[in-house]
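Inspection log for the structure reproduced underneath, given as structure tokens.
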There are 4 protein chains.
Amino acid sequence: MQATVNDKSTVAGLRQRADAARNRARILDAAQDAFIEHGADVPLDEIARRAGVGNATVYRHFPDRRALVRGVVLAVMERAIGVATQALAEEADPFEALSRLVRDSVNWKIGALCPMLSEWADLDEPEIFATRERLDAVVQSMIDGAKAAGSLRTDVGSDDIMMAVAQLVRPFPGAGYDSLQPFVHRHLQLLLDGLRAPARTPLPGGPPTLEDVRRECILAASRRETRQ
Amino acid sequence: MQATVNDKSTVAGLRQRADAARNRARILDAAQDAFIEHGADVPLDEIARRAGVGNATVYRHFPDRRALVRGVVLAVMERAIGVATQALAEEADPFEALSRLVRDSVNWKIGALCPMLSEWADLDEPEIFATRERLDAVVQSMIDGAKAAGSLRTDVGSDDIMMAVAQLVRPFPGAGYDSLQPFVHRHLQLLLDGLRAPARTPLPGGPPTLEDVRRECILAASRRETRQ
Amino acid sequence: MQATVNDKSTVAGLRQRADAARNRARILDAAQDAFIEHGADVPLDEIARRAGVGNATVYRHFPDRRALVRGVVLAVMERAIGVATQALAEEADPFEALSRLVRDSVNWKIGALCPMLSEWADLDEPEIFATRERLDAVVQSMIDGAKAAGSLRTDVGSDDIMMAVAQLVRPFPGAGYDSLQPFVHRHLQLLLDGLRAPARTPLPGGPPTLEDVRRECILAASRRETRQ
Amino acid sequence: MQATVNDKSTVAGLRQRADAARNRARILDAAQDAFIEHGADVPLDEIARRAGVGNATVYRHFPDRRALVRGVVLAVMERAIGVATQALAEEADPFEALSRLVRDSVNWKIGALCPMLSEWADLDEPEIFATRERLDAVVQSMIDGAKAAGSLRTDVGSDDIMMAVAQLVRPFPGAGYDSLQPFVHRHLQLLLDGLRAPARTPLPGGPPTLEDVRRECILAASRRETRQ
DNA sequence: TATGAATGAGGGTTCATTCAT
DNA sequence: TATGAATGAACCCTCATTCAT
């Protein structure tokens, strides 16, 4: 599964040296934790230090911060797909499967998706896009099942839910992941209760998608450029 | 009301110059938006640029980042108190008052409270503390009324709600406030639906407070220092 | 005596306002102490603070740091001339008069001449030059008398002595004037003992003058420019 | 001998790269001259420029100004120890050995010890302390010998002499080392003549030590803090 | 005139990135 | 390939100087 996450490795099936592969994995792990704890702006030297390699080694594996963010984001989404797939397979009630995914989001470290929402990720990059489609697909099947079973309100979309979860499990800036612990499971539960059918009040507007957000971001960015 | 938010201004009744007052307000506004969009670590030069003043002018009004954070946090809380007080006075149903406060949070920019949870804020500073008590008091009276009226679930606390709202209306990093528009009102409505009595499922743990979060943040920071 | 020390004041005999004159004196006093304690690079705002005036008032009286340095240097030299003249008049033995001037140099704050030796003073400026000539004259008469009396070695010049004194009473950088107290009077006494006739060993070279130093400084500066 | 002066180099026998060692030496040399010419507050960028390296390279070798001051002070003291030891070994007359050390002080650049008296040096740091003890020991043995031989006045201490020498060979601020040439050897000779036995006049007070100066400096600094 | 306010330039320091071993 | 070293740009903050009241 990790094998699909490659930057320079396994180009044309070229097997990379064992120690190089090990370094790559250690860098990704270190980066994931560092992103969660310090945000996407953490010094790369800090990541190198955590991984126990020289800073230039980080650059060999990931030419810049974007590439590193990309690697981490792909790894996290793969993990999420795994969790969701398993939940869907093991839970009879689709709403329960969704709940499990949401509640578990702290454990599979959806928080490491933070940089995905920062300026450092390119959501349109093909592999990111494809992986996100696969994640969406499994979440969507949960949602469809739960709506059909009458346990999930029908006016929400898959991105509605994923975005709300991502917001709620996002650590406060400069605070680190632990700062969420006292609240996050309560917040997620409030959200799940709000998602239950029947809907207590209608939601304003229609279900938007991540693309809508991206459009806004791009607009905002261009406005910012103009201002300068 | 804003008059209580002063750092160097109106000390001992000394009227400050009109242009200085104007600059101070512009800096606060710029800082508020910049904190929301980029977090508490945004370069002060960026804030100066947005405010249309030289960087040293920022330092004249606010001797360091802490002072600037303090000014923004105080201003936001004052605004929130105003909104909440008015809602409480005008709405017959206390849950409706709470809903109005929550829905309006995008307008009074609760997101600017983010830096309050960073290392740059001192929640124990007297004026901050007093203002927070006043805000808590009015929110708490909403909550108490709504619980008494049987419209709000009884297992939530005031900080539960404020924190969840703050998370949901926080813009994506580097994205700007507008990026939330497609989602934010839906998310807030989902939250409000989840807050309705009767509670559909129990919340895990007991209602925590901002202090619990602060404690975690400080612990994390000290752990970070230790590691180095 | 102070009346000769003027920058913009008493232009064409125009009497300045009493409060302006008072401010000017306070600024000079504050600058003198600040220069002694912190060196010629002390912030002008600090001087304004000590003088109890606004910073712009300093600029009104002294358009830039050079002018302020000039004012202080002139005042100190005037004081030195006074001390020397009096010593010459009161002491029968000219070497004793010289000793008194040297020993007293700490009191009349020759240390405030520090900035004269920094990049901030222009020794060729007419009034500075003239005042220095007057000081040299009185010192020279002491020296001539002492040499004639056979108590001062004959191979020293007036600038030899003044420079050595200035060096010995110069506070250590960043240290302030008090740091000298434990040593300075011993050092000055060692110097005076070394000046006694008969000379125990000949001095290398001939007696140089301040101008020789200036020539070296200018050469060094031009070399520095070239290097860049 | 220089080998004992290391900060990061040769830790646990780890050989550092040749170019890094070269840079380190060039930075130390440049810093030494810059300290002599401009004092301990000279911009580090200026030092980097003189050394022909980027400013960040200075920071790599010396994490802050204190470390750089420490490196320079250690190097100078080592050099002084070398000169003094050799003089003591080669000169039969101990006063002559002392004279040679004093006259040579311009060459071994005792002036670079200035920052030792600023806020940037920590005289209690173990290696500094130990090196100073070694320097004191050799100077003291000169002095003891010369006193015993009846050629040095008995009321002076080792720090008396070293401090006076340091003062006399200190270049004028902004002037560069060369500006001293016309005077410095004459001043040093005057001092040596004043040091000869028998003493022509008694010295005021008792022989103080560097520690006395440090105490004054620290007191002055604290007073300065208090005033603010 | 005296003053508080504004500002641009510069110094200290960190960090992403490139280079040389 | 992996690494320590080097560097320039950016940020925070201070200060000399100018401006507006």
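To find a chain, count down the sequence lines: A is the first, B the second, and so on, and within it residues start at 1.
If you measure from atom CG of D:L68 to atom C1' of E:dG12, you get 13 Å, rounded to the nearest angstrom. As a whole-Å value, the separation of D:I47 CD1 from E:dG12 C1' is 12 Å. For D:N23 and F:dA5, the CG to P distance is 11 Å, given to the nearest whole Å. Rounded to an integer number of Å, the gap from CZ of C:R49 to P of F:dA16 is 13 Å. Here E:dA6 presents its P atom at 11 Å from CZ of B:F62, a figure rounded to the nearest Å. Atom CZ in B:R60 sits roughly 7 Å away from atom P in E:dA6 (whole-Å rounding). One atom, CZ of B:R66, and another, C1' of F:dC12, lie 15 Å apart when rounded to the nearest Å. As a whole-Å value, the separation of A:I27 CD1 from F:dA2 P is 9 Å.
Counting heavy atoms from C-beta outward, B:D45 and B:R49 have side chains that stay 4.5 Å or more apart. At least one side-chain heavy atom of B:N23 sits less than 4.5 Å from a side-chain heavy atom of B:R26.
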task: Let me see the working for D:V42 and D:I47 under side-chain contact (heavy atoms from CB on, under 4.5 Å), right down to the final yes or no.
output: CA-CA 8 Å; D:V42 68; D:I47 293 175; 3.7 Å; yes

Residues D:N55, D:L44; criterion side-chain contact (heavy atoms from CB on, under 4.5 Å); working and verdict: CA-CA 7 Å; D:N55 59 353; D:L44 293 195; over 6 Å; no

task: Assess whether salt bridge (Lys or Arg N to Asp or Glu O under 4.0 Å) is satisfied between B:R66 and B:E125, documenting all intermediate values.
output: CA-CA 11 Å; B:R66 309 192 74 83; B:E125 188 272 334; over 6 Å; no

query: After noting the C-alpha distance and the side-chain angles of D:R24 and D:L28, does the key distance pass the side-chain contact (heavy atoms from CB on, under 4.5 Å) rule?
result: CA-CA 6 Å; D:R24 190 176 189 282; D:L28 272 181; 3.5 Å; yes

query: Stepwise, does the side-chain contact (heavy atoms from CB on, under 4.5 Å) test hold for C:V69 with C:F62?
result: CA-CA 9 Å; C:V69 163; C:F62 304 94; over 6 Å; no

For nucleotides 13-16 of chain E, give me every protein contact, N/O to N/O, under 3.5 Å, one pair per line with atom names.
| residue | atom | partner | partner atom | Å |
| --- | --- | --- | --- | --- |
| E:dT13 | OP2 | D:Y59 | OH | 2.8 |
| E:dT13 | O4 | D:N55 | ND2 | 3.2 |
| E:dA16 | OP1 | A:L44 | N | 3.3 |
| E:dA16 | OP1 | A:R65 | NH2 | 2.7 |
| E:dA16 | OP2 | A:L44 | N | 3.0 |

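In the model, D:W120 has a side-chain atom that pairs as donor or acceptor with a side-chain atom of D:D41 under 3.5 Å.
In DNA chain E, stems built from 3 or more consecutive Watson-Crick or G-U wobble pairs, each with both distances under 3.5 Å, span E:2-21 with F:2-21.
With hydrogens and angles disregarded, a donor-acceptor distance shorter than 3.5 Å links the side chain of B:D64 to the backbone of B:A67.
Between A:H61 and the phosphate of F:dT1, there is no side-chain N or O to OP1/OP2 separation shorter than 4.0 Å.
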